[in-house]
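Contents: one structure, followed by commentary.
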Amino acid sequence: MGEEKRIKGRMVSDDERRYEGEILNGLPDGQGTIFTQSGRYTGEFVKGIYNGYGEMYMYPRSGKEKLLFDNGEYVEGALYKGTWKNGKMNGRFEIYYMGLPYDREFNEGKEVPTKLYYDIEMPKDDVAPGSIRCVYGGQSSFVVETENATFVFDWYRASLPVIRKDKPVYVFISHAHLDHFNHDILNMADDFEDIHFYMGLDIDGKEKKYYEDNFESLFEKVDDFIEYFVGNEVLETEFGEITTLTSTDLGVAFLVKTEGVTLFHAGDLSWFSPVGSIKNFKKMVEEQNPGMDLSSKSEREIKILYENVHDQNGNAVARLKAEFVNNLSLLSDVEIDYAMLPLDPRFGSYGIYTLEAYLETAKIKSFTPMHMWDQYAFASEFAKIHPQMAERMVSVNPGEEKMKQTIELKKPYTVKFSDFTDNRRFRKMIMDNDPCPCGSGRRFKDCHKKLIKPKQS
């Protein structure tokens, strides 16, 4: 009797599990999808068992498939992408929650410590004077390389750029939320001799118990080279100066001055919406008032209604605005060469207000919008609304709107500030006896330095 052929079909079990896909000898075998009460798995099967690459989506405990935000719908459940071996998760996995990918590793179904992978290729040449080399890793994660150092901001993924070991590395963690802080980033201390960490965490004040319960033992390995910050602090360092701003959420924002360049990473310093979403507000009002139809009202009318309702309930709108404006005031008229700024699509127009406020408060030459929950079309939408502001915008740009520079996730890009002969602060980047970057072979002080005007007091 010959071996049974693989067919495509559908199977239903007594416990209400349903399978659709390839079948061999009465069992799932090949590509298919199985649906259970807790979720579904799509991928490879061998003799009825998950075996090979697959994707498993676990339904949220709340029973809701989606969470509504102003720019669309975000999946609330967890999506696991990786390889199964004999029915168990094995190796490196991407786990998506609220639309964002996180990294985990498993061995025979048990979670094990996640490794760091320096697998994002970087150019091997030096960073040119008057510029920085960057990688945007998604959400709020950046690596910024200057001529003499590498700065890592809120990198929460296991996959990192190839970072040079002949330069000092400075790791900034704005706060402890999972989409800003991957505990395993501390393992960079094992890979680099000259490394320092800076974290927004009030270990002596309101977050002391939180720190002791969750992080104290974790941070022991970096205890000798980590500094903790609250807002409105200034620290002089070997590379320059760090100033912190108090966040409207947890932690701080970082203003970093180094080598004649000023960088800013906002962390979660945003103008928050009282309930998160005008769309959620509209849905809530209609559910609580059967028969009420807001579909005929314009977006502006709904927004006014939304803000008035929250003003009546504790003046939430005015309070959140005042807090954001007050915390942002430290940046008033500050010159920033490159800023990493939140543009949160969950809050709709409030996400746009946040970015507008930054660009109207500080003197920002170039900026990249972040914290977009993988909804990068929101950046293109902002560029369309504000074409003049977009002239300074360096962003992922699926809508292909006109902006200063379009970039790709996890791909290196260069941000140029000016030609070095016009950069008054360039004296900090090149020492007098260094070779002049023009290539003449002469010392900088004997060559192009004389073309740079001294700063006027």
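All of these numbers come straight from a predicted model, not from anything done at the bench.
The nearest pair of heavy atoms linking Thr368 to Val394 is OG1-O, 2.7 Å. Residues Val252 and Gly231 come closest through the heavy atom pair CG1-N, 3.7 Å. Heavy-atom minimum distance, Met393 versus Ala379: CE-O, 3.2 Å. Nearest heavy-atom pair across Glu147 and Glu259 is N-OE1, 3.4 Å.
With ring centers used as reference points, Tyr50 lies under 6.0 Å from Tyr41. Ring to ring, Phe264 and Phe367 are not that close: their centroids are 6.0 angstrom or more apart. Note: Tyr358 and Trp271 fail the aromatic proximity criterion, with ring centroids not under 6.0 Å apart. Ring-centre distance between Tyr156 and Tyr102: below the 6.0 Å cut-off. Aromatic pair Phe239/Tyr170: ring centres closer than 6.0 Å. The distance between the ring centers of Tyr228 and Phe219 falls below 6.0 angstrom. Taking the centre of each ring, Phe192 and Tyr118 come in below the 6.0 Å mark. Ring pair Tyr353/Phe324: centre-to-centre distance not below 6.0 Å.
Residue Glu323 holds its CD atom at 5.5 Å from CG of Asn327, rounded to the nearest 0.5 Å. Between Lys410 atom NZ and Leu160 atom CG the span is 9.0 Å, to the nearest 0.5 Å. The structure places SG of Cys134 at 8.5 Å from CD of Gln405, a figure rounded to the nearest 0.5 Å. The distance from atom CD1 of Ile195 to atom NZ of Lys165, rounded to the nearest 0.5 Å, is 10.5 Å. Interatomic distance, Lys402 NZ to Glu391 CD, rounded to the nearest 0.5 Å: 7.0 Å. The distance from atom OH of Tyr210 to atom CG of Asp202, rounded to the nearest 0.5 Å, is 12.5 Å.
With a 4.5 Å cut-off on side-chain heavy atoms, Leu330 and Asn232 count as touching. With contacts defined as side-chain heavy-atom distances shorter than 4.5 Å, the pair His371/Arg346 qualifies. Contact of the Ile163 side chain with the Val169 side chain is registered, since non-hydrogen atoms from C-beta on lie closer than 4.5 Å. Residues Ile407 and Val396 have side chains in contact (heavy-atom distance under 4.5 Å, counting atoms from C-beta outward). A 4.5 Å side-chain heavy-atom check between Phe153 and Val256 finds at least one atom pair inside the cut-off. Residues Glu44 and Asn51 are not in side-chain contact: their nearest non-hydrogen atoms beyond the backbone lie 4.5 Å or more apart. A 4.5 Å side-chain heavy-atom check between Val144 and Val415 finds every atom pair outside the cut-off. Counting only heavy atoms from C-beta outward, the side chains of Asp344 and Thr354 never approach each other to under 4.5 Å.
Lys404 NZ: more than 12 foreign heavy atoms inside a 6.0 Å radius. Atom CD of Glu108 sits in a crowded spot, with more than 12 heavy atoms from other residues, nucleotides or ligands closer than 6.0 Å. Heavy atoms of other residues, nucleotides or ligands lying less than 6.0 angstrom from CD of Glu241 number more than 12. By the neighbour-count criterion of 12 heavy atoms within 6.0 Å, atom CD of Glu400 is sparsely surrounded, having that number or fewer from other residues, nucleotides or ligands. Residue Phe93 qualifies as enclosed at atom CZ: its count of foreign heavy atoms under 6.0 Å is above 12.
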(request) May I have the step-by-step check of ring pair (Phe, Tyr, Trp, His ring centres under 6.0 Å) for Phe378 and Tyr376, ending in yes or no? (result) CA-CA 5 Å; Phe378 203 51; Tyr376 299 107; over 10 Å; no
(message) For a side-chain contact (heavy atoms from CB on, under 4.5 Å) check, start with the C-alpha distance between Ile120 and Val143, then their side-chain angles and the critical distance, and finish with the verdict.
(response) CA-CA 11 Å; Ile120 299 174; Val143 168; over 6 Å; no
(request) In sequence, state the C-alpha distance, the side-chain angles, and the governing distance for Asn326 and Thr246, and then conclude on side-chain contact (heavy atoms from CB on, under 4.5 Å). (result) CA-CA 9 Å; Asn326 179 66; Thr246 304; over 6 Å; no
(request) Using the side-chain contact (heavy atoms from CB on, under 4.5 Å) rule, take Val162 and Lys124 through it: C-alpha gap first, then chi angles, then the decisive distance, then the call. (result) CA-CA 10 Å; Val162 178; Lys124 292 181 172 56; over 6 Å; no
(request) Output, in order, the C-alpha distance, side-chain angles, deciding distance and verdict of side-chain contact (heavy atoms from CB on, under 4.5 Å) for Phe181 and Phe215. (result) CA-CA 12 Å; Phe181 174 45; Phe215 299 120; 3.7 Å; yes
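Contact check on Lys167 versus Asp126 returns no salt bridge, with no Lys/Arg side-chain nitrogen under 4.0 Å from an Asp/Glu carboxylate oxygen. With salt bridges taken as basic N to acidic carboxylate O contacts below 4.0 Å, one links Arg157 and Glu94.
Side-chain contact check for Ser247 and Asp268: no donor-acceptor pair (N or O, by modelled atom type) lies under 3.5 Å. For Lys115 and Asn187, the side-chain atoms include no donor-acceptor pair closer than 3.5 Å. A donor and an acceptor atom, one from each side chain of Ser159 and Asp119, are located under 3.5 Å apart. Remark: the His196 side chain and the Asp194 side chain contain an N/O donor-acceptor pair separated by less than 3.5 Å.
Under a 3.5 Å cut-off, the side chain of Ser332 and the backbone N or O of Ser329 do not form any donor-acceptor pair. Side chain of Asp103 to main chain of Ala158: a donor-acceptor pair is present (N/O by atom type, distance under 3.5 Å, no hydrogens or angles). Not one N or O on the side chain of Arg133 forms a donor-acceptor pair closer than 3.5 Å with the backbone of Pro412. Here the side chain of Ser141 pairs a donor or acceptor atom with the backbone of Asp154 at under 3.5 angstrom. A donor-acceptor pair under 3.5 Å is formed between the side chain of Ser380 and the backbone N or O of Gly399. With hydrogens and angles disregarded, no donor-acceptor distance shorter than 3.5 Å links the side chain of Asn90 to the backbone of Trp84. When atom types are taken as modelled, the side chain of Thr244 and the backbone of Glu233 share a donor-acceptor pair closer than 3.5 angstrom.
Within the cation-pi definition used here (under 6.0 Å to the ring centroid, within 45° of the axis), Lys81 qualifies as a partner of Tyr96. For the pair Lys365 and Tyr338, the cation-pi criterion (under 6.0 Å, within 45° of the ring axis) is not fulfilled.
Relative orientation of the Phe172 and Tyr198 rings is parallel, given thresholds of 30° and 60° on the angle between their planes.
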